[in-house]
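I have placed the structure first, in the form of structure tokens, so that the comments after it can refer back to it.
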Number of protein chains: 2
Amino acid sequence: MEAGRQRQGRLWSNLKEVCDLLHIPAANSIANEELLFQHVQFKTGQRIHTIGQPFDTLYIVNSGFLKTVLIDEYGNEQVLSFPMKGDMLGVDGIHTRHYSSEAVALSDCDLILLPFKKLTALGRIHLELENMMYGVMSRELVREQAMIGMLGALSAEARVARFLVALAERFAQMGYSSKLFNLRMTRHEIGSYLGLTLETVSRTLSAFNEIGLISVDQRTIGIKDSEALKTLRRLPPSRTRGKPATGKSKGGDTVPSGQLLAAL
Amino acid sequence: MEAGRQRQGRLWSNLKEVCDLLHIPAANSIANEELLFQHVQFKTGQRIHTIGQPFDTLYIVNSGFLKTVLIDEYGNEQVLSFPMKGDMLGVDGIHTRHYSSEAVALSDCDLILLPFKKLTALGRIHLELENMMYGVMSRELVREQAMIGMLGALSAEARVARFLVALAERFAQMGYSSKLFNLRMTRHEIGSYLGLTLETVSRTLSAFNEIGLISVDQRTIGIKDSEALKTLRRLPPSRTRGKPATGKSKGGDTVPSGQLLAAL
DNA sequence: CGTCTGCTTGATCAGGGTCAACTCAGGTGG
DNA sequence: CCACCTGAGTTGACCCTGATCAAGCAGACG
């Protein structure tokens, strides 16, 4: 809303604003008013791009919430991410020149269009921009690596807990409250994202609520004990059998009845 | 082995060879013999880079097999990928300027060093190279997305099956046999990669062996029925309850005793 | 030749998926 | 305005997949 200006009845952003959105330290040398990127608005439920569609532009989220999904051979959706302000969409299309995922608006959205050709050409002139591109793609990769680690190693409770913490941090850095916020996605979508069923997500939220870690009312989540959420991990504390990679938890771990919590 | 030349007692590759390795259509305009990239050899078990180590170079695998791992807060390894010939390593370091994963040689390896600064500078001159960079990073991203989809939605059997198929395809495109090959990693590493325990991996391989899908002898795998492996999916065929996304499996699916197989 | 690591196989158990019933909020149309 | 419908969410009962624990085996190596 703050970024962008009217021009011919449309919103446009300059390079500086784009860099700010992406948290890229932009040299002011590039505050070029002639270099403008167009905005596009999407309404809730609209598709930004679909799988297989020819790729030619990247998107940056200026406002709103989305999901990106994969669709398997049986038509089942698999949620890959929940992009929000400052995130980039469409990077997966660069390789094959066709988007390999689908992006859907979970709320009314304002996106900035970045024609890929134009962007790379600009990158050769403005090195910050080039660095931005590499940086954003690398960040995305690291994020997905973390996701893989989570799916491969964590229990259902831990996944939901970390999901909430991550969301809270995103809201914080967007200037919203990190203690009380609204989920923009359904339990089903959360479950798909975390590799769980909607029932498990629902139950886990209820459990957290009872223990006092959070408060739940429909889509409204209140974070009560973010520390506990952060340190929550798999229930059977996977006590290093065999070779302790780092000899640490040798003591009996006398956590009495903490079958849900596990102190660090 | 074919790529690279001796010079001052070391191996070097030119841009063309690098592009070939990455399957990038390289304009021969860049067959510049002055632009050479150095090779480095690693022996089995050696670490290419570690988590947190300052980033400044990318690597391309010229020969050999590796694994990249994440290490969680309790010292547990989580395998992220098994890079082999033509794969790029270290991309995750670009964002924070520190590697966020660790790469270990599973066999003796020959890697090509790509100093990142030098690479991006070159990219501005040779557009193919720039495209290569974006393309490789995007491909990596797509690969990880597929991984997330797999971890989030597939059964143990399906994961192992697809792992074998993917390996076979990699070997094929490297010129080796796709029907008979040697695993370079332990059951434990496979399990970590697939989000399973080593016991489950072992049992699943044994089961495939008994059914005649593959032959197993220690690290030697023979692919007998790659079609069946490809179409294997979750055991309870998740018969589209509620809304059939694509109304299909309405007929009784008279697969007799196929509790392990699931025809498309 | 003993030891160690990787692998297999068996027995047991529980985390979380599946199925089902019910509630609740919002949208629609008579 | 209210009856109705639909989709989201909650909760319970049950059971299966895959983790855990345990034992035994084979090849590599000092």
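Numbers restart at 1 for each chain; the letters A, B, ... are given by sequence-line order, proteins then strands.
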task: Kindly write out the residues that satisfy side chain to side chain contact (heavy atoms under 4.5 Å, CB included) with Ile48(B), not counting sequence neighbours, or none if the list is empty.
output: Phe42(B), Tyr59(B), Leu66(B), Ala103(B), Ala105(B), Leu111(B)
task: Rounded to the nearest angstrom, tell me the gap between atom CD in Glu157(B) and atom P in dT17(D).
output: 8 Å
- request: Only counting residues at least two apart or in another chain, list the ones meeting ring pair (Phe, Tyr, Trp, His ring centres under 6.0 Å) with Phe181(A).
  value: Phe171(A)
query: Rounded to the nearest 0.5 Å, what separation is found between the OG1 atom of Thr231(B) and the CD atom of Glu73(A)?
result: 9.5 Å
- line: In whole angstroms, the gap separating P of dC7(C) from CG of Leu205(B) amounts to 10 Å
query: At under 4.0 Å between heavy atoms, what does Gly191(A) touch on the DNA or RNA strands: base, sugar-phosphate, or nothing?
result: nothing
query: So, is Ser206(A) close to the dT11(D) phosphate, meaning a side-chain N or O under 4.0 Å from OP1 or OP2?
result: yes
statement: Rounded to whole Å, the CD-C1' distance (Glu199(B) to dT12(C)) equals 13 Å
query: Phosphate oxygens OP1/OP2 of dG17(C): is one of them under 4.0 Å from a side-chain N or O of Thr197(A)?
result: yes
query: Distance check: side-chain N/O of Arg187(A) vs OP1/OP2 of dG9(D), anything under 4.0 Å?
result: yes
message: Do Glu77(A) and Leu70(A) have side chains that approach each other closer than 4.5 Å (heavy atoms only, starting at C-beta)?
response: no
- prompt: In chain order, what residues pass the side chain to side chain contact (heavy atoms under 4.5 Å, CB included) check against Val216(B), with sequence neighbours excluded?
  reply: Arg187(B), Leu205(B), Asn209(B), Ile214(B), Ile221(B)
- prompt: If an axis is fit to five pairs at each end of the helix from dC1(C)-dG30(D) to dG30(C)-dC1(D), what is the angle between the two, to the nearest 10°?
  reply: 30°
message: Heavy atoms only, 4.0 Å cut-off, all strands: where does Leu196(B) land among base, sugar-phosphate and nothing?
response: sugar-phosphate
query: For Ser226(A), which residues count as a side chain to side chain contact (heavy atoms under 4.5 Å, CB included) partner, sequence neighbours excluded?
result: Lys179(A), Ile223(A), Lys230(A)
- prompt: How long is the line joining CZ of Arg203(A) and C1' of dG9(D), in whole Å?
  reply: 12 Å
message: Expressed as a whole number of angstroms, how long is the span from Asn182(B):CG to dG6(C):P?
response: 17 Å
task: Please name all residues satisfying side chain to side chain contact (heavy atoms under 4.5 Å, CB included) with Lys224(B), sequence neighbours left out, ordered by chain then number.
output: Ser215(B)
- prompt: What nucleic acid atoms does Thr186(B) come within less than 4.0 Å of, heavy atoms only: base, sugar-phosphate, or nothing?
  reply: sugar-phosphate
task: May I ask you to verify whether the side chain of Gln218(A) and the base of dC24(C) hold a donor-acceptor pair under 3.5 Å?
output: no
- line: note: Arg219(A), atom CZ; dG26(C), atom C1'; distance rounded to Å ~ 12 Å
message: Measure CG/Leu198(B) against C1'/dG18(D) and give the value in whole Å, please.
response: 13 Å
